[in-house]
Amino acid sequence: MELLKGKETADFIKKEISAKVAEIVANGERPPHLVAIIVGEDGASKTYVANKERNCAQVGFKSTVLSYPEDTTEEFLLGVIDQLNNDDEVDGFIVQLPLPKHIDEEKIINAISPKKDVDGFHPKNVGLMLLGEETFISATPYGIMLLLEHYNIETTGKHCVVLGRSNIVGRPVANLLSQKSKYGDCTVTICHSRTKDIEKYTRDADIIIAAIGIPEFLKGDMVKDGAVIVDVGITRVPADNEKGYRIVGDVEFDSVAPKSSYITPVPGGVGPMTIISLMKNTLKAYELRKKSK
Ligand code: NAP
């Protein structure tokens, strides 16, 4: 069994991005600029945004966080998005989800300029991704693909089972793995909450991507020997420590790891890859904006 070390891989990519940013700045230009919008007081969202800020600082990006209260109106938020869409000093921005219930997430995502949509959630970017064309691929699926690439995991002709069909993880990653490409060419099965006998699929899988949000759902007796396991799950479960919680994935590591050929740890697997993919997308947005000038 070998660990798919997301933290190490992300650090490696971070160095590449930092070098590019240093070059940009040495040429007398401003660094790439990422803006994050956060509405409300969700603790996990604040942690994610703080993490994104830290990563921006590490690679040399400018980063701005716009925090608004829970009772912010949809109209106000659309106004902010319009300003950012037209601000030449901003290369990319994200709206941290979930938004408070009174704000229509779809409307907000649709209002983001696809050129600045570094989360890759805009329908235009999702469509380009589905067609296998150049676009911003959303951060978690992109991070998973980069991790498979970094470890040169053989995917061609393999049976990949994706657990979960969300728009931000399950469906896009299933699509990317089925595309005609070096780290694609898989035969993909998508399982979800209505799938019967899920073990029937997981036991046949060469690669399993678990993205359902149920702690330790996937057990050792559900996987075949030598499978590649990517655990996307992040659930906070109460723990007797300083924070009062610990992070648990969708895979029961202790029973699955001995059977696997490769497995991601949680934390330190897909999480860091997600953030670094956002950094990659921001650099790309910067480069595209410069090219279009
Ligand atoms: P989501 O939107 O809640 O989707 C969960 C998916 O799992 C749904 O498709 C659901 O099926 C399926 N599901 C639920 N119970 C199931 C069961 N018993 N058997 C099979 N499938 C089941 O979640 P998400 O946003 O994709 O996130 C999934 C997990 O990944 C969460 O723990 C989240 O925190 C984590 N995550 C991590 C990162 C990272 O950077 N590491 C990024 C994003 C998300 P239905 O469609 O039928 O409801």
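Whatever order the structure lists ligands and atoms in, that order sets their numbers, starting from 1. Computed from a predicted model, the values in this text were never measured in an experiment.
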Top protein contact for [atom], by heavy-atom distance:
atom	result
atom 9 (O) of ligand 1	Arg165 N, 2.8 Å
atom 23 (O) of ligand 1	Ser166 CB, 4.3 Å
atom 44 (C) of ligand 1	Val169 CG2, 4.0 Å
atom 29 (C) of ligand 1	Gly213 N, 3.6 Å
atom 10 (C) of ligand 1	Ser193 N, 4.3 Å
atom 37 (C) of ligand 1	Val232 O, 3.0 Å
atom 21 (N) of ligand 1	His192 C, 3.1 Å

Open item on the list: Check contact between Ala211 and ligand 1, using heavy atoms of the residue and a distance below 4.0 angstrom.
Closed with: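 For ligand 1, residue contact (heavy atoms, under 4.0 Å) with Ala211 is present.
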
Open item on the list: With a cutoff of 4.0 Å, is Ile168 in contact with ligand 1, counting heavy atoms of the residue only?
Closed with: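 Ile168: in contact with ligand 1 (<4.0 Å).
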
- [ ] Go through the steps for Arg30 and Asp91 under the test salt bridge (charged side-chain N to carboxylate O under 4.0 Å, His left out), then give the verdict.
- [x] CA-CA 11 Å; Arg30 69 158 178 82; Asp91 299 296; 2.9 Å; yes

List ligand 1 atoms under 4.0 Å from [X], heavy atoms only on the residue side.
X	result
Thr274	39 (C), 40 (O)
Gly164	6 (C), 7 (O), 9 (O)
Gly271	40 (O), 41 (N)

Open item on the list: Under a 3.5 Å cutoff, is there a donor and acceptor pairing between the side chains of Gln96 and Lys52?
Closed with: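 Yes, a side-chain donor-acceptor pair sits under 3.5 Å.
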
Task: Distance-only polar pair, side chains of Thr202 and Glu199, donor-acceptor under 3.5 Å - done: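 Checked: Thr202/Glu199 side chains show no N/O donor-acceptor pair below 3.5 Å.
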
Check each of [options] against [atom] and report the one with the nearest heavy atom.
atom	options	result
atom 16 (C) of ligand 1	Ile214, Thr140, Asn167	Ile214
atom 32 (O) of ligand 1	Ile234, Asp250, Ile247, Val270	Ile234
atom 7 (O) of ligand 1	Asn51, Leu278, Ile198, Ile212	Ile212

Open item on the list: Under 4.0 Å, heavy-atom basis, I'd like to know which part of Leu163 is in contact with ligand 1: side chain, backbone, both or neither.
Closed with: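 Looking at Leu163 and ligand 1, no heavy atom falls under 4.0 Å.
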
- [ ] Considering only NZ, NE, NH1 and NH2 on the basic side and carboxylate oxygens on the acidic side, decide whether Lys158 and Asp185 come within less than 4.0 Å.
- [x]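 No salt bridge links Lys158 with Asp185.
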
- [ ] Apply side chain to side chain contact (heavy atoms under 4.5 Å, CB included) to the pair Val161 and Cys191, showing each step before the final yes or no.
- [x] CA-CA 7 Å; Val161 170; Cys191 298; 3.9 Å; yes

Open item on the list: I'd like to know if the side chain of Lys280 and the backbone of Tyr142 have a donor-acceptor N/O pair within less than 3.5 Å.
Closed with: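 No; judged by distance alone, with no hydrogens or angles, the pair does not exist.
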
Task: Side-chain donor or acceptor of Tyr286 paired with backbone N/O of Gly92 under 3.5 Å - done: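 A pair under 3.5 Å: no.
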
Task: Protein non-hydrogen atom found under 4.0 Å from atom 46 (O) of ligand 1 - done: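 Yes; the ligand atom in question has protein heavy-atom contact below 4.0 Å.
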
Open item on the list: Could you go through Gln83 and Asp87, starting from their C-alpha distance and side-chain angles, then the distance that decides it, and tell me whether this counts as side-chain hydrogen bond (donor to acceptor under 3.5 Å, both in side chains)?
Closed with: CA-CA 6 Å; Gln83 270 179 21; Asp87 187 342; over 6 Å; no

- [ ] Can you establish whether the number of heavy atoms outside Lys107 located under 6.0 Å from its atom NZ is more than 12?
- [x]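 Atom NZ in Lys107 is not packed in, count stays at 12 or less.
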
- [ ] Please name the residue in the list Leu77, Ile94, Ile108, Ile112 that meets the side chain to side chain contact (heavy atoms under 4.5 Å, CB included) test with Ile37.
- [x]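 When Leu77, Ile94, Ile108, Ile112 are each tested with Ile37, the side chain to side chain contact (heavy atoms under 4.5 Å, CB included) holds only for Leu77.
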
Result block: side-chain N/O donor-acceptor pairs under 3.5 angstrom for residues 56-71, not counting sequence neighbours:
| from | atom 1 | to | atom 2 | distance (Å) |
| --- | --- | --- | --- | --- |
| Gln58 | OE1 | Lys14 | NZ | 2.7 |
| Thr64 | OG1 | His33 | NE2 | 2.6 |

